[in-house]
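Here is the naming used below: chain letters follow the sequence lines, and residue numbers restart at 1 for every chain.
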Protein chains: 2
Amino acid sequence: MSEGIVGSVVREMRSPMSAGTDPSGERGDVLERVRHAILDGQFMPNQRLVEADLSLQFGVSRSAIRAVLTQLTGEGLVERVANRGARVRAVSLEEAIEISEVRMAVEALCAAKAAERATDEDLAVLREIADAMRRAVADGDVLGYSELNRRLHATVRTASGQHVAESVLERLRGQNVRHQFRLALLPGRAAVSLPQHLEIIEAIRARDPRRAETAMRDHLASVIETLPQVGSS
Amino acid sequence: MSEGIVGSVVREMRSPMSAGTDPSGERGDVLERVRHAILDGQFMPNQRLVEADLSLQFGVSRSAIRAVLTQLTGEGLVERVANRGARVRAVSLEEAIEISEVRMAVEALCAAKAAERATDEDLAVLREIADAMRRAVADGDVLGYSELNRRLHATVRTASGQHVAESVLERLRGQNVRHQFRLALLPGRAAVSLPQHLEIIEAIRARDPRRAETAMRDHLASVIETLPQVGSS
DNA sequence: GGCGCCATGATTGTTGACAAACAATCCGCC
DNA sequence: GGCGGATTGTTTGTCAACAATCATGGCGCC
């Protein structure tokens, strides 16, 4: 309990557990719930994850929580040290850049394969996303655009039919959500990325693998270039 | 440890656990030991991994084994189904190809970065590997060549300084060892891959990122092309 | 003779309690 | 008043026993 000041300053109170979290509610996977709590920012980076607390909060036994923590550690979302417990892993700016570099390599592969193998339905979805993106930018809807961005990349991944690449990317995305999110909030960012996104979509719809690959590469190169502007956390 | 026949059907006997495996020996990480048992082929693909058996075999409690199994499941080496236990995951030929495709993308990145950032010591190691590879091929030392192959790729990865790529590749390699190994055993394979390996080394030693990247790409494209000849396992 | 049902055995999943490790606090002593 | 060492409290790691689940084999019934 107590135990203060980490990274920037994450208060170390044992989960206040204010109102919500009906203990009986949601028999649904605890793994999912904890993962989302981290991804949604309910659990901040460097925040301690005490097994007993989570056990109460999610209404499951400590062993269940323990298993969840080892799984999330494997996914790179949680950091665990010897006899000192687990905490939400904070990814540095340098690592965020490395992650984006790997993403660039793998998503370029996916874009090329998507251009070859996308179904007509995939292409229709892509067109919808393109239209919605244009609208979101016109309306200044930053959050909506961010969500569309996520959907675009997800659609390209699944359209590629490359399951291994898909899982690798899913993993990397999880570690990077925070940086991704802050990036999307940069003023003027959407204006830069919109044409890149549209070009990716166009290339895939034209079924041109090479063009799709370079479009994706260019887009992520731009992301990497911009990343330093969001600060290290 | 007997227990034969993999391909279609793995007999379902609880590991006979013949002689070895002193229970008191090796206080060393159980995770490592189980992982190596899988990677070294002591545990064959699709072989059941019964918790109680492993518990006895490795001289640790069942909970420890349980934790190890969830971790290895996260690494993609073990497959677990609901209330039916764990088994060594068998990767299909199709998946092996997908894995190699992703490897191609990421290792190309590493090769380029290695060409930029390799230390003089790295370059010296690479030259030694090149020489040893030539000798191994001349002597027909297939196993030695296979090990050198592993070392070459490992050296390129670490020389790249791209930690994220490194961990992704390490993961993928683990899932692919069996196919990799069978590939190395193909007659005449070394004669094909040797010049490719030498070209990778040359390109990095020349500090030419583009050349290193395409050399690595070409090499892995050749691997992917040859993979179907080893059968699906 | 085949089909379905129940008993049995083998394995996994879960729980609770205990031991070990670490951090913080408190006390006496210099 | 500050420092070293023991003590307390908190949290993780481990263990053994129990409950739940699934597969298997035998038995009766149609």
Hey, does Ser61(B) reach any base, or is it just sugar-phosphate, or nothing, if we go heavy atoms under 4.0 Å? sugar-phosphate
The criterion is side-chain contact (heavy atoms from CB on, under 4.5 Å); which residues satisfy it with Glu166(A), sequence neighbours excluded? Arg157(A), Thr158(A), His163(A)
Rounded to the Å, how far apart are Glu51(A) CD and dG16(C) C1'? 15 Å
Measure the distance from CG on Leu54(B) to P on dT12(C) and round it to the nearest whole Å. 9 Å
If each of Arg84(B) and Ala64(A) is mapped to the nucleotide of DNA chain C with the nearest heavy atom, which maps nearer the 5' terminus, i.e. the 5' end? Arg84(B)
Might you list the N or O atoms of the protein lying below 3.5 Å from N or O atoms in nucleotides 17-20 of chain D, with each pair's distance?
none

If I take atom CZ in residue Arg66(B) and atom P in nucleotide dT14(C), what distance separates them, rounded to the nearest angstrom? 7 Å
Between atom CG in Leu56(A) and atom P in dT10(D), what is the gap in whole Å? 15 Å
Any residue meeting salt bridge (charged side-chain N to carboxylate O under 4.0 Å, His left out) with Arg173(B), in chain and number order, not counting sequence neighbours: Glu170(B)
Answer with base, sugar-phosphate or nothing: what part of the nucleic acid does Ile65(B) contact at a heavy-atom distance below 4.0 Å? nothing
By side-chain contact (heavy atoms from CB on, under 4.5 Å), Glu147(B) pairs with (sequence neighbours left out) Arg150(B), Arg151(B)
Those residues at least two apart in sequence (or on a different chain) that pass side-chain contact (heavy atoms from CB on, under 4.5 Å) with Gln42(A) are Ala37(A)
Between dG13(D) atom P and Leu49(A) atom CG, what is the distance in whole Å? 13 Å
Those residues at least two apart in sequence (or on a different chain) that pass salt bridge (charged side-chain N to carboxylate O under 4.0 Å, His left out) with Arg103(A) are Glu107(A)
Which label fits His219(A) and His153(A): parallel for a plane angle under 30°, tilted from 30 to 60°, or perpendicular past 60°? parallel
